[in-house]
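A short worksheet on the structure shown next.
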Amino acid sequence: MKKLPLSFYQREDVLQIATELLGKVLTTKWNGVETSGRIVEVEAYAGVADRASHAYGGRITRRNEVMYADGGVAYVYLCYGIHHLFNVVTHYKNTPHAILIRGLEPLSGVDTMLERVKKNQADYSLTRGPGNLSKALGITTGHSGISLKSRELFMADDGIGFHKTAIAVSPRIGVDYAGNDALLPFRFYIKGNPFVSGKPK
DNA sequence: GAGTAGATCCTCT
DNA sequence: GAGGATCTACTCA
């Protein structure tokens, strides 16, 4: 398992990074308790020109300022007062690109995840959808801004991954308010994977 | 099975 | 003071 280098995140093409992120392994290790999963669904948010992005029009606030940092850090945000959404910041300083992790296939620490979500039995909803997966991995807004190469939270490549032909593209979810930008095909997922949110095909 | 309403709270205006 | 990068459960057919 190799941790992804900062050069992986610090590139200009957020869509390219998003597709390459599919199949990578996301691990959290709070207080020595490890949980991890393989990424099967992501969405790209392409900075100031993207109406669906928090950074649209160059807005910078205390909440989203971490998006303007150099690529390779986590951006965690609370939505609807209930759901924590985990994002990966990409590109370089002052360019607020981010990738939202929406779906994860559990690899290790499933028992811990179940405990966090208060379930007795593993089912697909455990790590399907951004709100659920953040909860399962124990990620909260307090983790916003930490490095993706830290000891507690990191992304890695275990050499398995998915083949390019397994990747499908679609418009993003839950961004109807963004007008035409809501139609952009910035969502990438693994075809047929049960941990992908939305309607199964 | 499909469609809809409700939960719930932090952040920005 | 309003609204949001969601999820779940419940209704109705």
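Proteins get letters first, then strands, A, B, ... in listed order; numbering begins at 1 in each. These numbers come from a predicted model, not from an experiment.
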query: Counting heavy atoms not belonging to F162(A), are there more than 12 under 6.0 Å from its CZ?
result: yes
- request: Before accepting this row, confirm whether a basic side-chain N of the pair E43(A)/R102(A) lies closer than 4.0 Å to the acidic partner's carboxylate O.
  value: yes
- prompt: Do the charged groups of K29(A) and E34(A) touch, with an N to O distance under 4.0 Å?
  reply: yes
field: Greater than 12 external heavy atoms within 6.0 Å of E115(A)'s CD
entry: no
- prompt: Of all heavy-atom pairs between A98(A) and M67(A), which one has the smallest distance, and what is that distance?
  reply: CB-CE, 3.7 Å
- line: Sorted by number, residues from residues 59-91 of chain A placing a heavy atom under 4.0 Å from DNA chain B are T61(A), R62(A), R63(A), L78(A), Y80(A), G81(A), I82(A)
message: Is the distance from the ring center of Y45(A) to that of H97(A) below 6.0 Å?
response: no
task: Please work out which of the three classes, parallel, tilted or perpendicular, describes the rings of H143(A) and W30(A), given edges at 30° and 60°.
output: parallel
Pair assignment for dG6(B), Watson-Crick or G-U wobble, requiring both distances under 3.5 Å: dC7(C)
Value rounded to 0.5 Å, distance of CG in D111(A) from OG1 in T35(A): 11.5 Å
First-last contacting nucleotides on DNA chain C - partner chain A, under 4.0 angstrom, heavy atom: dG4(C) to dT8(C)
